[in-house]
2 protein chains.
Amino acid sequence: MARAATTSDAFNAVAEPRRRDILNYLAMQERSVSEIVDAMQMEQPSVSKHLKVLKGVGLVEARREGRQMLYKVNALAIRPLHEWTSTFERLWKHQLLRVKERAEANDAPKQ
Amino acid sequence: MARAATTSDAFNAVAEPRRRDILNYLAMQERSVSEIVDAMQMEQPSVSKHLKVLKGVGLVEARREGRQMLYKVNALAIRPLHEWTSTFERLWKHQLLRVKERAEANDAPKQ
DNA sequence: TTGACACATTCCTATATGGGAATATATTGG
DNA sequence: CCAATATATTCCCATATAGGAATGTGTCAA
């Protein structure tokens, strides 16, 4: 079996750095494909293909306005990723605490 | 160009559902490979290969204890994902607010 | 040293890209 | 209807899996 399709879920879709770049850009506001192309400095077909993947997993929504297609982020689709990572938050906070404790032990070593 | 390597970063590593399963399992406590194999119901070579990927991006750490290798999560490596998703949190909260407002408008329609 | 247990690695294959190039489709103005 | 603009899709190819099967490596007990 090969790797799961990029359109299988949001986790796979955002694994590609270019697609995260696009989402970051769209986070500010709705944009046309040409605006994305200019901002990302990618070829137009590449942008369209990435947008198709993002749309496939619901990470963006599109609407036509004249000749242009306007895309915007659907932030709710990112929420599952946020929640999954949150389950580890307690663990890394604990890790950081131990790092801090160790640093303080070095600042005030036993005489 | 093909897809980025699964070992290129944490985003690519956790795109695979089985690897998230393993991380979820290790979140509870350090485990040996056999324990993971039993819990995940996967073939041992598959588990070893997934662990290698996870270790490659620093998501897990390993230490030998006798014949066993004990793996544990390095939660700090998940933090970048959490922080990236957090940048969209304001957006989805706003989305939810609008959904709620619309619902309330329907509960009390104009007469 | 030898056998057995616990893992890791290699080999093979079907599958899914992502980018570049070329082409198709949709919409608007004249 | 035609040309121009804005996107989308298709074709081609090099690359990277993930799983199954087989095999290699490391460690311990006797």
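Below, read A as the first sequence line, B as the second, and so on, with proteins coming before strands; counting in each chain starts at 1.
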Problem set entry | Partner of A:H50 under side chain to side chain contact (heavy atoms under 4.5 Å, CB included), chosen from A:V60, A:I22, A:L23 |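 The residue from A:V60, A:I22, A:L23 that satisfies side chain to side chain contact (heavy atoms under 4.5 Å, CB included) with A:H50 turns out to be A:I22.
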For this session: Sort out for me which residue in A:I36, A:L54, A:N74 forms a side chain to side chain contact (heavy atoms under 4.5 Å, CB included) with A:L26.
Result: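 Answer to the side chain to side chain contact (heavy atoms under 4.5 Å, CB included) test with A:L26 among A:I36, A:L54, A:N74: A:I36.
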Problem set entry | Position toward the 5' end of DNA chain D (nearest nucleotide), A:M1 or A:P45 |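 The residue whose closest nucleotide sits nearer the 5' end is A:P45.
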Exercise. In terms of the nearest nucleotide of DNA chain C, which residue is placed more toward the 5' end: A:G66 or A:T6?
Worked result: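 The residue whose closest nucleotide sits nearer the 5' end is A:T6.
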Exercise. Which residue, A:K49 or B:V33, contacts DNA chain C at a nucleotide closer to its 5' end, judged by nearest heavy atom?
Worked result: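 Final value for this comparison: B:V33.
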Rounded to whole Å, please give me the gap between [atom1] in [X] and [atom2] in [N].
X: B:Y71; N: C:dA8; atom1: OH; atom2: C1'; answer: 8 Å
X: B:H50; N: C:dA8; atom1: NE2; atom2: P; answer: 13 Å
X: B:N12; N: D:dT17; atom1: CG; atom2: C1'; answer: 11 Å
X: B:E16; N: C:dT15; atom1: CD; atom2: P; answer: 17 Å
X: A:E65; N: C:dT28; atom1: CD; atom2: C1'; answer: 13 Å
X: B:Q41; N: D:dG19; atom1: CD; atom2: P; answer: 14 Å
X: B:R31; N: C:dA6; atom1: CZ; atom2: C1'; answer: 17 Å
X: B:M69; N: D:dG26; atom1: CE; atom2: C1'; answer: 10 Å

Answer yes if the side chains of [X] and [Y] hold a donor-acceptor pair under 3.5 Å, and no otherwise.
X: B:D21; Y: B:N24; answer: no
X: A:T87; Y: A:E83; answer: no
X: B:E89; Y: B:T85; answer: no

Of the options [options], whose atoms approach the side-chain atoms of [X] most closely?
X: B:S46; options: D:dT17, D:dG20, C:dG18; answer: D:dG20
X: A:R67; options: C:dG29, D:dG26, D:dA14; answer: C:dG29
X: A:R3; options: C:dT10, C:dT17, D:dT17; answer: D:dT17
X: B:S48; options: C:dA8, D:dA18, C:dA26; answer: C:dA8

Exercise. At under 4.0 Å, does any side-chain N or O of B:K52 touch on OP1 or OP2 of C:dT9?
Worked result: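 For C:dT9, OP1/OP2 do have a side-chain N/O of B:K52 under 4.0 Å.
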Exercise. Side-chain N or O of B:R64 less than 4.0 angstrom from OP1 or OP2 on D:dT27?
Worked result: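 So the side chain of B:R64 is within the cut-off, an N or O lying under 4.0 Å from OP1 or OP2 of D:dT27.
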Exercise. Is B:Q44 side chain donor-acceptor paired with the C:dA8 base, going by distance under 3.5 Å alone?
Worked result: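 Yes.
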